[in-house]
There are 4 protein chains.
Amino acid sequence: MSKRDDILATAVRLFVEQGVENTPTAQISREAGVATGTLFHHFPNKDALVNALVLSVKESLLERIERDLDGVSGYRDQIRAVWLAVVGWAVEHPLLYRFKTQIDAMVQLDADTEAQLEAMFRDVMQLVRAGLESGTFKALPEDYLFQVMDAQLSQAARYCIEHPEVLDQPERLELMFASFWDSLAA
Amino acid sequence: MSKRDDILATAVRLFVEQGVENTPTAQISREAGVATGTLFHHFPNKDALVNALVLSVKESLLERIERDLDGVSGYRDQIRAVWLAVVGWAVEHPLLYRFKTQIDAMVQLDADTEAQLEAMFRDVMQLVRAGLESGTFKALPEDYLFQVMDAQLSQAARYCIEHPEVLDQPERLELMFASFWDSLAA
Amino acid sequence: MSKRDDILATAVRLFVEQGVENTPTAQISREAGVATGTLFHHFPNKDALVNALVLSVKESLLERIERDLDGVSGYRDQIRAVWLAVVGWAVEHPLLYRFKTQIDAMVQLDADTEAQLEAMFRDVMQLVRAGLESGTFKALPEDYLFQVMDAQLSQAARYCIEHPEVLDQPERLELMFASFWDSLAA
Amino acid sequence: MSKRDDILATAVRLFVEQGVENTPTAQISREAGVATGTLFHHFPNKDALVNALVLSVKESLLERIERDLDGVSGYRDQIRAVWLAVVGWAVEHPLLYRFKTQIDAMVQLDADTEAQLEAMFRDVMQLVRAGLESGTFKALPEDYLFQVMDAQLSQAARYCIEHPEVLDQPERLELMFASFWDSLAA
DNA sequence: TATGAATGAGGCTTCATTCAT
DNA sequence: GATGAATGAAGCCTCATTCAT
């Protein structure tokens, strides 16, 4: 693992434990086992570190979604695959998940980062739009629908992180997904 | 408006615009038109200011909920009244709403404040529990249900703040509430 | 003497001894006997301190010039009075003089400071222009003339600081002024 | 052009644009198209780079003076040749000229460099001393005379850099030299 | 109640320099 | 000769808080 990766890994952990604003770059360097200057050799400033982290986290999530979506057919099953992918990913990477939540709620990202994220998730968003256009989903405004999905997913993920045993109880999982699906389905 | 209130009003605004950590007490004092010392005369420290703010914001929300709930009968209509109260309150006090969201996502409050909040919202939570016990709601874990409701409500409120015209379109509003209700109802 | 003045006085000294860039604000605070924060309470940043210093130094010089010019008549005598005022001021305030030289040579000032300086010295510059218009001075470009005068004056001042006894030797002083005058006179 | 020369050329430019203290060695390396280590491969440290630069600049000036002085007889014409050489050199190498000015005003050089410079300019200084001894110049202290000459020359050079057309207007050039000569001549 | 100058620990960042490749 | 990741001391500045008035 390169020093750059050490820094990124330490940063997520501390950001989640203490919040971005309450985590000094000096602490990140120290706990990553590198010199203060090394952090700034790899990232021009603290903000850039946060942005790089966001990209790497969302990329990890996206990979999981695409993997789990591969070969699934039937619209409800596809949405279910995405839902399970997010929840599964969150349970496997609780730190990354919590960081993603923090960021979505608070931090203002660079325009550049925002653009890259939009490009990355274009296909997934297209999947959701299909549900709207086919009338499978309620006739809600598109952006509202996205927000509701995101918020619902976040809660499911959070709950499963705290109660990982749920993942082995298909009927409870199905109930949670039902709550998700019902909030969207027409 | 007393100086204390000037400080509180300026603080919410700045906290929302810049985040709590990025808002110096000096800026609050300056924009509130008081001296730096005055802020610390009314609040022992910055954290106390934040906690006082949270209490006053949630109190304002609770008053609205209780007012709108008064005299409503029928379980679904009661839940609907709460939903409409929160959304209506958010549209009338967008700043307060945004502040509430920030706080819920990030800030660690005093144990004392947490206890007061719990006491304040006891009745509302009892209303939700009733839905679980009567089997009206899905058989989801209680805390999960609370989180889902909260997240759903937040999204509805956020959307209505950005598109206030929705409040005058009963059918769209009904559709949004349907999304909320369906996610909970058995 | 206020803390603000302590800071200014310490700053000129250190800037002259070490150069502006090589003088940490922390050293200024320490040697002025104030806390680091105090410096930044009075000046928004190091640059603002430098600019404030320049204004106060040039103001001191201007007062001396105006005092010594008061009541003098005859063009050559007036120019001589200015020359003597600058040299006398430099000998009395060697630190301020050296600081002025450094600044003139190197530092980029705020547009605002530049404007104030121009306004302050308008009358003195008008005196020089008179010499040009009356044909008393060589028909050199105006800005060139100003620069030559300034450079000549600087050298005279510097020499007199290092050899203050010259101020009591009228004939040597006259010879130095002659060198100045001859470089300008037609 | 060797990498060493690339570094030197980039360094003068940046030193002039930003000042020596405000120019990071990393920026020099980058804009010179070499690695950070390469700079320190050719110069033991930043100071050594500055000293090397000073020597090369002054050497370039001296060559020009000696070339233009060659074969000129008559004391005033010799002084005039030096004056013209400096001005001409400055116009041809404005960057080098500005760097020389900065250095003369501010930077502390190595004792070794100072000694070399003194040796290089011994002959030129001897030329000036001759004017003092013969009574051609005013009976001013020797060091004062040198400083005045230097300052005058600097202003002439600076003016001609900004108004290069002057070099083709013999009468204006003569007037400027007259100002120089008059300040020295008895 | 109200003021605002003063404090100083601590945050972010810079940069000359080293060294293994 | 050339590279560039790594270093860490040191610089500038912020800001919650105090206290004498």
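Residue numbers begin at 1 in each chain, while the letters A, B, ... track the order of the sequences. This one's a predicted model, so the numbers in the text were calculated from it and none came from an experiment. Reckoned from all heavy atoms, side chains included, excluding hydrogens, waters and symmetry mates.
Summarising the geometry, the separation between CG on D:Asn22 and C1' on E:dC15 is reported as 12 Å, rounded to the nearest angstrom. Straight-line distance from the CD atom of B:Gln18 to the C1' atom of F:dT14: 14 Å, rounded to whole Å. Going from atom CZ of B:Phe15 over to atom C1' of F:dA16 covers 12 Å, rounded to whole Å. The CZ-C1' distance, from B:Arg30 to E:dT3, rounds to 16 Å in whole Å. Rounded to a whole Å, the NE2 atom of C:His41 is 20 Å from the P atom of F:dC12. Rounded to a whole Å, the CZ atom of A:Phe43 is 14 Å from the C1' atom of F:dA6. For D:Leu39 and E:dC15, the CG to C1' distance is 12 Å, given to the nearest whole Å. Here E:dC12 presents its P atom at 10 Å from CD of A:Gln27, a figure rounded to the nearest Å.
The 5' end of DNA chain F is approached more closely, in terms of each residue's nearest nucleotide, by D:His42 than by the other of D:His42 and A:Ala35.
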Note to self: Can you give me the dot-bracket string for DNA chain F, 5' to 3', counting Watson-Crick and G-U wobble pairs with both distances under 3.5 Å, using [ ] for crossing pairs and | for partners on another strand?
What the structure shows: .||||||||||||||||||||
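Residues B:Ala90 and B:Ala157 approach most closely at CB-CB, 3.6 Å, considering heavy atoms. Across D:Ala52 and D:Phe43, no two heavy atoms sit closer than the pair CB-CE2, 4.0 Å. Minimum heavy-atom separation, B:Phe99 to B:Val57: CD2-CG2, 3.9 Å.
Judged by distance alone, with hydrogens and angles left aside, the side-chain atoms of B:Ser60 form no donor-acceptor pair with the main-chain N or O of B:Ser56 at under 3.5 Å. A:Asn51 contributes no side-chain N or O that, together with a main-chain N or O of A:Thr113, makes up a donor-acceptor pair within less than 3.5 Å. A donor-acceptor distance shorter than 3.5 angstrom exists from the side chain of A:Lys46 to the backbone of A:Val20, with no hydrogens or angles considered.
With sequence neighbours left out, the salt bridge (Lys or Arg N to Asp or Glu O under 4.0 Å) criterion links A:Glu92 to A:Arg64.
Within the structure, no pair that satisfies the salt bridge (Lys or Arg N to Asp or Glu O under 4.0 Å) test touches residues 111-121 of chain D, not counting sequence neighbours.
With E:dT7, F:dT3, F:dT7 as the candidates, the nucleotide lying closest to the side chain of D:Val34 is F:dT3.
A:Leu61 contributes atom CG, which lies 9.0 Å from atom NE2 of A:His93 (distance to the nearest 0.5 angstrom).
C:Val54 pairs with exactly one of C:Asp104, C:Ile103, C:Asp110 by the side-chain contact (heavy atoms from CB on, under 4.5 Å) rule, that one being C:Ile103.
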Below 3.5 Å, can you tabulate the donor-acceptor pairs from side chains in residues 6-16 of chain D to any protein atom, sequence neighbours excluded?
residue : atom : partner : partner atom : Å
D:Thr10 : OG1  : D:Asp6  : O            : 2.8
D:Arg13 : NH1  : D:Glu31 : OE1          : 3.4
D:Arg13 : NH2  : D:Glu31 : OE1          : 3.0

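Taking a 4.0 Å limit (strictly below) on heavy-atom distances, residues 2-11 of chain B reaches DNA chain E at B:Lys3.
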Checklist line | Where protein sits on nucleotides 16-21 of chain E, one letter per nucleotide: B base, S sugar-phosphate only, - none, heavy atoms under 4.0 Å | finding: BBB---
